[in-house]
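Contents: one structure, followed by commentary.
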Amino acid sequence: MGWLDALKRCARNFIAASGQGDGLTHRLELAMRWRSTGALMAVIPESSKSTPTLNKGLQTRVGGFDTICQALDYAALGETGYNFFNLRGEVSACLPFSEVRRRALDLANRMATRFKRGDRLAIVAETSPEFIITFFACQYAGLVPAPMPMPVNLGGKDGYILQIRQMVAGASAAAVIGPAALTDFLSEAATQVPGAAIFDFQALFALQGNGAVAEPFGPDEYCYIQYSSGSTSAPKGVIGTQRSVNANLTAITRHGMRVSAKDRCISWLPLYHDMGLIGFLLAPLVAQISVDYLATSDFVRRPLMWLRLMTEQKSTLTYSPSFGYDLAAKRAARAEAGSINLEHLRVAGIGGDMVRPEALTAFADAFGPLGFSKTAFTPSYGMAEATLAICFPELGAPVSVDAVDMRHYTRSGVAQPASAVTSPEHKRGFVLCGRALPDHAIEVRGDDGAALGERDVGRIFIKGASLTPGYYSDPESSAAMYEGDWLNTGDMGYLLNGQIVITGRAKDLIIINGRNIWPQDIEWAVEKVAGVRSGGVAAFSVDDGRGERIVVVVERRGMNDEALAALKREISVVIQNAAGAPAEVVLARPHSMVMTSSGKLSRAKVKLKYLDGAFTETPAPRAAKPQVVADVRA
C-alpha cells in the first residue's frame with residue numbers, strides 16, 4: 001500500500017521532494033533524463049534488439065550452482081540476457097549474459113587494484129546496465145555489494161542523505177557508487193565514514209588496472225548485504241551468502257516457478273528490493289532466461305507499458321505487489337485496441353506486501369478478455385532474511401481466499417470462517433500463500449513457543465538452507481532473530497490446509513482493552529471513503545499516560561471546512577464499524593505519509609510526526625516514554 005503512494009509521488013514530478021526546495025527534484029529528473037537519453041549508459045552500446053527467449057545450443061540448467069560467478073559463467077555460453085526498455089517501449093540497451101561476464105571480469109580486475117578483497121561497496125541500484133555490471137564485478141572481485149535505493153520515495157534531500165549515511169556507515173563501506181547526478185548527495189552521506197571513496201559509474205569503469213587478478217567469491221563467502229528500509233530504526237544489513245542465495249534461487253526456479261527454457265521474465269521492480277534483486281536479476285541468470293526491464297518510475301508513469309511489453313515479448317513470468325495490478329487495472333480503459341494480449345503469462349506473482357484480493361479481482365476482470373488467466377496469479381510468502389521466498393502455492397491453481405469473521409478473530413485469536421450471518425464490515429478475506437519450498441519448513445507458534453494447529457493465529461517461524469546467517473555487524477539483532485535453527489519472522493498468521501496465511505506484522509498489532517486490531521483493517525476501510533487519498537492512511541495506537549487509544553492519520557484532498565468536517569464524521573463511523581472502537585481522526589495534507597525506501601508505509605514514523613505535532617498547531621500530548629505499539633519493519 002505504501003509503495004503505491006510512494007511511486008505516485010515519483011509520477012507527479014517528485015512534488016513531495018520539490019517542496020523542500022533542496023534541489024533533489026532537479027537532480028532526480030536530470031538522472032532520469034540522462035538515463036533515458038543513453039548518456040548514463042555511455043559505456044554500454046545502445047541496441048534496438050533484445051536478447052532471444054530461446055538459447056540455441058546451450059542446455060538449460062535450472063539452478064544447482066555453488067556461486068553466482070559459476071552461474072554467470074554458464075549462462076554466458078548462451079545468447080540470453082538482460083534488456084532495458086525506455087518509456088516509449090523501445091530497447092535502450094541489451095546485455096547478453098556473455099557481455100555481462102566479459103565486462104564484469106574486466107571491471108573486477110580494475111577494482112582489484114583499488115579495493116581490498118572483502119571490502120563492502122555501497123552501490124545505488126538504479127535499473128541500468130552499469131549497476132548490473134558493477135554488481136557482478138563485485139562477485140568476481142570478492143567485493144561485497146550493498147545495493148542502495150534511488151531517491152524516489154523520500155522526504156527531501158535530508159531524508160535521503162540520512163538513509164544512505166546509515167547504510168554506508170552500517171556496512172563500513174570502502175566506496176559509495178552511483179549516478180553522477182547524485183554524487184554531491186552521496187559525498188555528503190559518506191562524510192561520517194572515514195576513507196569512503198565516491199565514484200560515479202563512469203569514473204569506476206575508468207579505473208586503471210595494474211595487472212592485478214581478481215579472486216571470485218567461493219561457496220562459503222558473502223554474496224551481498226541487503227539493507228532493510230529502516231522504518232523504525234537504523235537499517236539492518238541482511239547478509240546473503242553464496243550458499244544461502246543459491247539455495248533459494250534453486251528452490252524458486254526449480255520448484256516455485258518451475259522455470260523452463262521457454263520462459264521469459266519482465267519486471268519493473270527496483271533492484272535494491274529483494275523481489276527485484278533476487279527475483280529478477282539473479283533468478284533469470286541461474287535459469288539462463290532473458291529478462292526485460294522497465295524502470296520503476298516509468299512503470300508508474302505508464303503502467304500499461306508493463307503489459308504492452310509482456311505482449312510484445314511474450315513474457316511468461318512477472319511479479320508485483322498487489323498495488324501494481326491495481327494500478328494497471330485502473331488504467332485499463334486507456335489501453336489501445338489490440339495492444340495487450342496476456343495469453344502467454346503463466347505466473348503473475350504477488351509479493352512484497354500483504355496480498356489484497358480485491359486488487360487481483362480488478363486486474364482479472366479488466367484483462368481477462370485480453371488473454372489473462374486468473375490462474376496465473378501466484379501469491380507467495382518470503383522475506384529478505386530468507387533471501388527471497390519461503391512458500392509457493394501450486395502453480396495454475398485458483399487463488400484461495402479464506403473469509404474470516406474478524407469479531408471472533410480479534411477476541412479469540414482463531415481465524416474462524418465467516419458465516420452467512422457475518423456482516424460485510426466484519427468479514428475479511430485472507431489469501432493462502434502456499435507451502436514451504438523443498439528443504440524448508442514453516443511453523444506457527446503461540447506465545448509459549450509451542451506449535452499451533454490450523455486456524456490458530458500466532459507468530460510465523462521458518463527454517464531452511466536459504467536463511468541468512470544474520471545482520472552485518474549487528475550480533476545482538478542476529479541472535480535475537482533465531483530460536484535454535486528457526487528464524488522468527490515477526491509476521492503473524494495461521495495455517496490452513498497446510499498453506500500459510502499472513503495476517504500482518506506482530507509489531508503492527510494494536511491492542512485496545514485486550515482486543516487485537518490490525519491497522520490494515522482500519523486503513524483499507526478508510527481508503528474506500530470518497531475524498532481520501534489512496535495509500536494515504538496510517539493507523540496506530542498511542543499511550544497518552546491514561547491508556548492506549550487509536551489514532552488514524554488520513555491524507556485528504558482539497559476541501560472547504562464544512563466538507564472536511566463531514567469527511568471526518570464519515571471516517572469516524574467507518575472506523576467504528578471496522579475496528580469496533582473509537583479513534584481520533586487526523587486529517588492531513590497530501591504527502592504527509594512517511595514511506596520506507598521500498599515504498600512501504602512507515603506507521604512508526606507517521607506516529608512520531610503526530611506526537612511531534614506535525615499535523616496540528618500544537619504538539620499532541622505524549623507520555624514520558626511513549627510506547628510504539630504499531631510500528632513496522634520493512
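Using a distance-only test at 3.5 Å, with no hydrogens or angles considered, no donor-acceptor pair links the side chain of N86 to the main chain of S92.
Between R346 and the choices T316, D263, T378, the side chain to side chain donor-acceptor pair (under 3.5 Å) rule is met once, by D263. Y293 pairs in a ring-ring contact (aromatic ring centres under 6.0 Å, His included) with only one of the listed residues (F84, F85, F131), which is F84. The side-chain contact (heavy atoms from CB on, under 4.5 Å) test with I289 singles out one residue from V259, V62, N55, T80, and that residue is V259.
Under the rule for a salt bridge (Lys or Arg N to Asp or Glu O under 4.0 Å), the partners of R308 that lie at least two apart in sequence or sit in another chain are E312. The ring pair (Phe, Tyr, Trp, His ring centres under 6.0 Å) search around F367 returns F363, not counting sequence neighbours. With sequence neighbours excluded, the residues satisfying salt bridge (Lys or Arg N to Asp or Glu O under 4.0 Å) with R264 are D292. Evaluation of the salt bridge (Lys or Arg N to Asp or Glu O under 4.0 Å) rule for R165 yields no partner, not counting sequence neighbours. Evaluation of the salt bridge (Lys or Arg N to Asp or Glu O under 4.0 Å) rule for R114 yields no partner, not counting sequence neighbours.
Residues H440 and C391 form no side-chain contact, since every pair of their non-hydrogen atoms from C-beta on lies 4.5 Å or further apart.
Shortest non-hydrogen contact noted between A283 and T253 is O-CG2, 3.7 Å. The minimum heavy-atom distance between G490 and R505, with the atom names listed, is C-NH1, 3.4 Å. When all heavy atoms of P145 and I123 are compared, the pair lying nearest together is CB-CD1, 3.9 Å. Heavy-atom minimum distance, F201 versus E130: CG-CB, 3.5 Å. Shown here for L269 and Y319, the closest heavy-atom pair between the two residues is CD1-O, 3.8 Å.
Using cut-offs of 30° and 60° on the angle between ring planes, the pair Y82 and F136 is parallel.
Atom CZ of F65 is separated from atom OH of Y74 by 7.0 Å, given to the nearest 0.5 angstrom. Taken to the nearest 0.5 Å, the CD atom of E443 stands 10.5 Å off from the CD1 atom of I500. With rounding to the nearest 0.5 angstrom, the OG atom of S244 is 12.0 Å from the CG atom of L388. Remark: M257 CE to L317 CG distance equals 5.5 Å, nearest 0.5 Å. The structure places CG of D200 at 5.0 Å from OG1 of T183, a figure rounded to the nearest 0.5 Å. From S380, atom OG reaches atom CD1 of I502 across 10.0 Å, with rounding to the nearest 0.5 Å.
Side-chain atoms of D73 and Y140 include a donor-acceptor pair closer than 3.5 Å. No hydrogens or angles considered: a donor-acceptor pair under 3.5 Å links the side chains of T51 and S290. Counted by atom type alone, S400 and Q499 present zero donor-acceptor pairs between their side chains at under 3.5 Å. In summary, the side chains of E385 and Y471 do present a donor paired with an acceptor at a separation below 3.5 Å, with no hydrogens or angles considered. If you check the side chains of Q242 and Q70, you find no donor sitting under 3.5 Å from an acceptor. Donor-acceptor pairing under 3.5 Å is lacking for the side chains of S320 and W306.
Ring-centre distance between Y381 and F392: not below the 6.0 Å cut-off. Outside the 6.0 Å centre-distance limit, the rings of Y224 and F217 are not counted as a close aromatic pair.
One finds no salt bridge joining D106 and R102 here, because no Lys/Arg side-chain nitrogen approaches an Asp/Glu carboxylate oxygen to under 4.0 Å.
Every pair tested for salt bridge (charged side-chain N to carboxylate O under 4.0 Å, His left out) that includes a residue from residues 391-400 fails, sequence neighbours excluded, so the list is empty.
Annotation for R258: atom CZ does not count as buried by contact number, only 12 or fewer foreign heavy atoms lying within 6.0 Å.
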Ring pair (Phe, Tyr, Trp, His ring centres under 6.0 Å) evaluation trace for F299 with W268: CA-CA 6 Å; F299 163 75; W268 57 264; 4.0 Å; yes

